[in-house]
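Here is the structure we will look at, set down as structure tokens.
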Amino acid sequence: MKKLLILGGGTAGTMMANSLVDRLGTEWQVTVVEPDRHHVYQPGLLFLPFGMLDDRKLTRPRNHTFKRGVQWKPLAIRQMDHAKKSVVLDDDSVLEYDLAILASGTRIRPDMTPGLEDGPIAGVHDFYTVRGAQALRSALANFKGGRLVVNVVEMPIKCPVAPLEFLFLADDYFKRRGMRDDVELVYATPLDAAFTKPYAAKTLGYLLEEKNIRLETEFMTAEVTDRRLVSYDERHVGFDLLVSVPIHSGAAFIGTSELGDELDFVPTDKHTLRALQMEDVFVLGDATDLPSSKAGSVAHFQAEILKQNIQDYVADKPMKAAFDGHANCFVETGGGKAMLIDFNYDVEPLPGYFPVPHLGPFSLMAESRINHWGKLAFRPIYWHALLPGRPLPISPQMNLSGKKQIAS
Amino acid sequence: MTTATYTHVAMDKDGYLLNPTEWTMDLGEAIADDLNIQLTPDHWRLINFAREDFASKGQSPGLRRIAQQTGVAIKQIYLLFPKGPGKLIAKIAGVPKPKSCL
Ligand SMILES: Cc1cc2nc3c(=O)[nH]c(=O)nc-3n(C[C@H](O)[C@H](O)[C@H](O)COP(=O)(O)OP(=O)(O)OC[C@H]3O[C@@H](n4cnc5c(N)ncnc54)[C@H](O)[C@@H]3O)c2cc1C
């Protein structure tokens with residue numbers, strides 16, 4: 001029997017295992033290597049600190065997320081040897097493969113910035129891990145006012161809009177508690193604007209003003225000390241509560257096996273999703289070095305492409321499907337509203353409707369309540385349709401019809 | 001060196017060279033001059049790395065990659081190219097804006 005090994009069983013790895021297990025037929029054994037016994041619904045981490053989602057809805061036991069026929073190895077990969085087509089696990093056992101899919105995602109690296117590991121005692125928080133989001137929930141509940149700073153240390157990060165969404169929700173949260181006037185909200189970003197795609201910057205810039213969020217741009221954090229962020233060019237931003245989005249890197253074994261770039265992301269063919277420097281290896285989701293956004297929706301669109309390519313690849317046929325960088329995400333804007341943005345490698349976010357041109361129901365680039373419900377409805381869709389690999393009525397390729405063209 | 005040296009090469013609105021093959025050392029000097037940076041061998045080491053890396057990888061290196069591959073600390077790079085070294089190095093080296101700055 002031939003072996004397909006999926007390295008990492010998060011959003012991308014689970015979708016892929018479940019959609020390939022029936023399609024590849026009985027001559028293939030599909031195995032997922034994933035050490036974590038619970039699957040986390042990561043978009044929920046944004047809502048947890050504000051008490052908008054309870055902990056029980058955030059995770060599911062891992063064994064409930066795989067379809068029958070998928071074999072799960074609850075261990076971590078320590079090393080990958082692509083010349084020998086094998087991986088070493090942390091109990092020293094070795095697994096060989098005929099075909100591998102790297103889907104080990106990203107991890108946050110507070111250890112790469114001095115002072116970020118000091119944690120809650122030093123007023124330093126994050127919401128990219130379950131423990132971080134829970135600790136932040138208590139810190140927000142006990143916050144008596146002062147300056148709350150959200151800082152992105154370095155790009156790329158997963159879900160690039162999450163830090164802004166956090167600020168919009170924070171604005172709303174403090175208003176509801178009747179203490180917005182006692183809180184100063186600051187967004188410190190290494191980018192030169194809050195939204196960097198030109199049309200998005202123009203249409204969404206008003207949100208920061210409307211919600212009275214101060215912006216500190218091109219801020220490259222060198223260290224955090226004495227409740228201050230210090231940048232490489234010697235600017236200081238003091239805080240009472242810091243919500244940090246630390247540097248992201250790929251999994252540790254990517255680095256030790258020398259498979260990645262300077263942040264351990266794996267060089268990947270933009271369209272076919274094959275690993276550029278390894279035979280019989282594909283890369284999916286946040287683990288790639290692609291310029292597409294690191295988001296669950298992107299992992300989903302990629303998985304649709306990869307599903308077709310892998311079937312062609314194992315049948316020795318040319319791969320026809322090409323990923324176009326398609327991303328779409330709901331952006332929570334606070335007050336029970338959200339907006340939806342849709343873009344790809346070449347086309348920047350445009351106004352219009354999604355997924356059905358002219359009809360929607362979701363409006364692109366405009367705030368609405370139905371978009372917010374769309375974001376909330378995504379959680380059951382995630383568990384019951386996305387992960388099991390059921391088809392969704394959304395094309396992996398971006399659809400331009402019905403979108404309003406804008407003069408640049 | 002005067003800015004007149006590069007009025008004939010095409011640049012985008014943010015000052016990145018549109019065609020990296022039009023780059024010359026003189027042009028690099030002239031762009032640096034315009035950005036108020038006096039180039040020393042330490043600067044050139046980073047600029048040359050950015051050019052070589054772009055030639056072999058097809059994309060401009062970000063700040064972290066430049067630091068890691070040349071062994072020059074980020075702090076040090078900021079002293080050489082204050083105010084956004086990733087972008088400044090790309091401009092002077094005549095390569096596109098690094099994607100980590102997008
Ligand atoms: C706060 C927050 C909000 C978000 N909001 C949204 C949103 O609204 N919309 C959206 O589309 N996306 C959102 N995302 C992003 C989305 O969750 C990720 O992009 C998506 O999960 C990526 O899937 P992945 O499989 O590549 O990585 P992951 O789902 O992170 O999975 C990687 C897996 O690899 C495993 N792994 C790591 N190292 C090893 C090893 N050594 N051996 C074996 N396994 C290993 C990990 O345990 C993990 O399970 C959000 C993320 C966060 C943090």
Side-chain angles (χ1 to χ4, degrees), chain A residues 109 112-114 152-157 160 189-198 200-201 217-223 230-235 246-250 255 258 260-265 267-270 276-277 288-294 325 327 343 345-346 348-349 408, chain B residues 10-16 18 20 35-37 42-43 45-46 48-93 95-102:
Chain A
R109 301 295 302 278
M112 290 177 77
T113 307
V152 173
V153 176
E154 189 172 317
M155 299 301 286
I157 60 168
T189 167
L191 302 174
D192 50 20
F195 297 93
T196 50
K197 309 242 173 198
T217 57
E218 298 188 76
F219 191 92
M220 284 282 291
T221 305
E223 60 172 329
V230 181
S231 69
Y232 282 107
D233 58 0
E234 310 276 339
R235 279 182 282 161
I247 293 174
H248 282 45
S249 81
E258 295 181 16
D261 66 9
E262 61 281 2
L263 284 171
D264 302 337
F265 295 121
T268 305
D269 184 283
K270 239 173 128 160
L276 289 175
Q277 286 143 17
T288 74
D289 74 337
L290 298 179
S292 46
S293 297
K294 296 197 184 299
F343 55 96
Y345 285 142
D346 306 312
E348 62 164 296
S408 54
Chain B
M11 293 195 171
D12 70 11
K13 63 175 185 355
D14 299 318
Y16 295 87
L18 284 177
L35 297 166
N36 287 319
I37 296 169
D42 285 345
H43 291 92
R45 203 172 133 211
L46 304 178
N48 287 333
F49 168 74
R51 290 196 55 78
E52 284 157 20
D53 202 49
F54 176 74
S56 68
K57 298 253 173 210
Q59 62 187 34
S60 305
L63 187 54
R64 179 158 303 276
R65 180 168 173 81
I66 296 175
Q68 201 192 54
Q69 299 284 313
T70 60
V72 182
I74 294 184
K75 190 95 207 159
Q76 190 61 32
I77 300 179
Y78 260 91
L79 294 176
L80 293 166
F81 298 91
K83 294 193 195 308
K87 290 182 189 173
L88 292 174
I89 292 172
K91 282 182 184 171
I92 298 169
V95 297
K97 189 171 176 176
K99 76 169 191 230
S100 55
C101 299
L102 290 179

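In what follows, every chain begins at residue 1, and chains take the letters A, B, ... in the order their sequences are listed.
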Salt bridge R65(B)-E262(A), side-chain N to carboxylate O under 4.0 Å: yes
Walk me through whether L63(B) and E154(A) qualify under side chain to side chain contact (heavy atoms under 4.5 Å, CB included). CA-CA 10 Å; L63(B) 187 54; E154(A) 189 172 317; over 6 Å; no
Which residues pass the ring pair (Phe, Tyr, Trp, His ring centres under 6.0 Å) test with F81(B), sequence neighbours left out? H43(B)
What's the verdict on salt bridge (charged side-chain N to carboxylate O under 4.0 Å, His left out) for D192(A) and K97(B), showing C-alpha distance, side-chain angles and the deciding distance? CA-CA 12 Å; D192(A) 50 20; K97(B) 189 171 176 176; 3.6 Å; yes
Can you name the side-chain hydrogen bond (donor to acceptor under 3.5 Å, both in side chains) partners of K75(B), sequence neighbours left out? E234(A)
Kindly compute the distance separating CG (D261(A)) from CD (Q68(B)), expressed to the nearest 0.5 Å. 8.5 Å
Counting C-beta onward and ignoring hydrogens, is there a side-chain heavy-atom pair between K83(B) and E218(A) closer than 4.5 Å? no
N-O pairing of D289(A) and K57(B) below 4.0 Å: no
